[in-house]
Amino acid sequence: MAKRSPNYCLVFILLIISTGITYWAHSKPFVPASSADLASMPRHIGAWRADGLDIEQTKNVLGGWMVSKENFLVRNYIDDNGNQINLMMIYKGHDRRGWHMSEMCFSGSGYNVTQTRMLIPYAGHKSPAVKLVAVDTNTGSKMISVYWMAQGRHTESSFAKQQLSMALARLHPSRDGWAFIRVTSGVYDSESETMTQIMDFIQSASDPMIRAMK
């Protein structure tokens, strides 16, 4: 069998590609580490006060979101009229893995879900968010949930756009990490009254939320 001489041209090209990849890996922009202090969220927010202890999450839930318990806050608030609001904040920083959208969670739990986009009073201006109206198929009870992805004072309601923004952060790093925030309330009298309470709560809570994510 005739000997085949090495393809030096191909070897040279592969060396160039390997060198280029190595250089890129070492020179790509640094994505800064970030942290949050979700426990610093006030237990009194406007007309609302914390109702009991924060709700601890199971290892499965924390593992699904790929966060530590310090970066996962679930707390119930109540006003003087007995109206209750549930706040959930999950700080993900710069990690694109493990995100879950609430419409899938509600649907998987037996709710019929209607989804719309809306604006919320966050950080002193109108910011995009997602509104879910979930109806229990067994009892007919209804709840409203408003969620958004937040990076400091900026919010995003589109998961695809938010993930793209996180990917582009490799080119333009930000000191602010991302969090998933959700405010939920049962509908007791009317949807409009429940939405008024949710919007009032968000407006009062937005500045503490931003500080807690620093």
Side-chain angles (χ1 to χ4, degrees), residues 34-59 61-62 65 67-93 99-102 105-106 109 117-134 141-157 162 174-214:
S34 57
S35 60
D37 185 15
L38 301 187
S40 69
M41 281 295 296
R43 296 185 63 81
H44 287 80
I45 296 176
W48 306 83
R49 64 184 185 279
D51 184 22
L53 300 175
D54 295 346
I55 302 170
E56 292 191 12
Q57 302 304 302
T58 65
K59 289 184 178 179
V61 172
L62 295 174
W65 276 92
V67 296
S68 64
K69 63 180 181 180
E70 292 78 17
N71 286 331
F72 203 123
L73 174 71
V74 179
R75 182 182 293 169
N76 289 323
Y77 286 87
I78 193 169
D79 67 6
D80 290 338
N81 296 318
N83 298 310
Q84 191 175 79
I85 275 181
N86 176 269
L87 170 65
M88 182 170 74
M89 296 180 66
I90 306 169
Y91 185 74
K92 291 288 292 174
W99 290 78
H100 301 276
M101 298 300 100
S102 290
C105 298
F106 280 121
S109 299
R117 299 288 176 87
M118 62 173 297
L119 296 176
I120 57 173
Y122 183 85
H125 55 271
K126 299 296 184 182
S127 300
V130 177
K131 174 186 175 182
L132 304 176
V133 178
S141 62
K142 184 184 298 184
M143 66 177 63
I144 295 177
S145 186
V146 177
Y147 77 79
W148 63 97
M149 285 72 74
Q151 183 185 39
R153 304 183 73 82
H154 168 71
T155 76
E156 181 56 71
S157 61
Q162 185 266 342
S174 171
R175 287 288 171 185
D176 292 321
W178 283 91
F180 179 86
I181 303 175
R182 189 179 77 188
V183 177
T184 304
S185 175
V187 176
Y188 302 108
D189 295 321
S190 67
E191 286 190 31
S192 60
E193 183 176 336
T194 302
M195 275 306 304
T196 297
Q197 294 170 0
I198 289 176
M199 297 286 270
D200 288 346
F201 180 84
I202 293 173
Q203 186 169 24
S204 298
S206 68
D207 285 343
M209 287 175 181
I210 294 166
R211 289 193 294 270
M213 291 186 289
K214 292 293 186 182

Assess the residue pair L87 and M209 against the criterion (side chain to side chain contact (heavy atoms under 4.5 Å, CB included)); give the C-alpha distance rounded to whole Å, side-chain angles, the decisive distance to 0.1 Å, and a yes or no. CA-CA 11 Å; L87 170 65; M209 287 175 181; 3.6 Å; yes
Start with the C-alpha gap between M41 and D54, add the side-chain angles, then the distance that decides, and say whether side chain to side chain contact (heavy atoms under 4.5 Å, CB included) holds. CA-CA 11 Å; M41 281 295 296; D54 295 346; over 6 Å; no
As a quick check of understanding, evaluate side chain to side chain contact (heavy atoms under 4.5 Å, CB included) for I210 and Y122, giving each step before the final call. CA-CA 9 Å; I210 294 166; Y122 183 85; 3.4 Å; yes
Step-by-step side chain to side chain contact (heavy atoms under 4.5 Å, CB included) determination, I78 to R49: CA-CA 5 Å; I78 193 169; R49 64 184 185 279; 4.0 Å; yes
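The OG atom of S190 lies 11.5 Å from the CE atom of M195; values are rounded to the nearest 0.5 Å. Atom OG of residue S185 and atom CD of residue E191 lie 11.5 Å apart, to the nearest 0.5 angstrom. Interatomic distance, S204 OG to I202 CD1, rounded to the nearest 0.5 Å: 10.0 Å. Note that OG1 of T155 and NE2 of H125 are 6.5 Å apart. Values are rounded to the nearest 0.5 Å. The line from CD1 of I85 to CG of D79 is 8.0 Å long, rounded to the nearest 0.5 Å. Atom CE of M149 and atom CD of Q162 lie 5.0 Å apart (nearest 0.5 Å).
Contact check for L73 versus Q57: no side-chain heavy atoms found under the 4.5 Å cut-off. When side chains are defined from C-beta on, Y188 does not count as touching E193, because their heavy atoms never get closer than 4.5 Å. Side-chain contact between N83 and W48 is present, with at least one heavy-atom pair separated by less than 4.5 Å. Counting heavy atoms from C-beta on, the side chains of M101 and F180 come closer than 4.5 Å. Taking the side chain as every heavy atom from C-beta outward, M88 and I181 never approach each other to under 4.5 Å. By the 4.5 Å heavy-atom criterion applied to side chains, M199 and V146 are not counted as neighbours. Considering only heavy atoms from C-beta on, M213 stays 4.5 Å or farther from D176 through its side chain. A 4.5 Å side-chain heavy-atom check between R43 and R75 finds at least one atom pair inside the cut-off.
Across all their heavy atoms, P208 and P42 have their closest contact at CB-CD, 3.5 Å. Nearest heavy atoms, S68 versus L62: O-CD2, 4.0 Å. Considering every non-hydrogen atom in both I120 and A129, the closest pair reads CG2-CB, 3.7 Å.
The residues R211 and D37 are annotated as not salt-bridged, no charged nitrogen and carboxylate oxygen being separated by less than 4.0 angstrom.
By the 30° and 60° cut-offs, the orientation of the rings of F72 relative to W65 is perpendicular.
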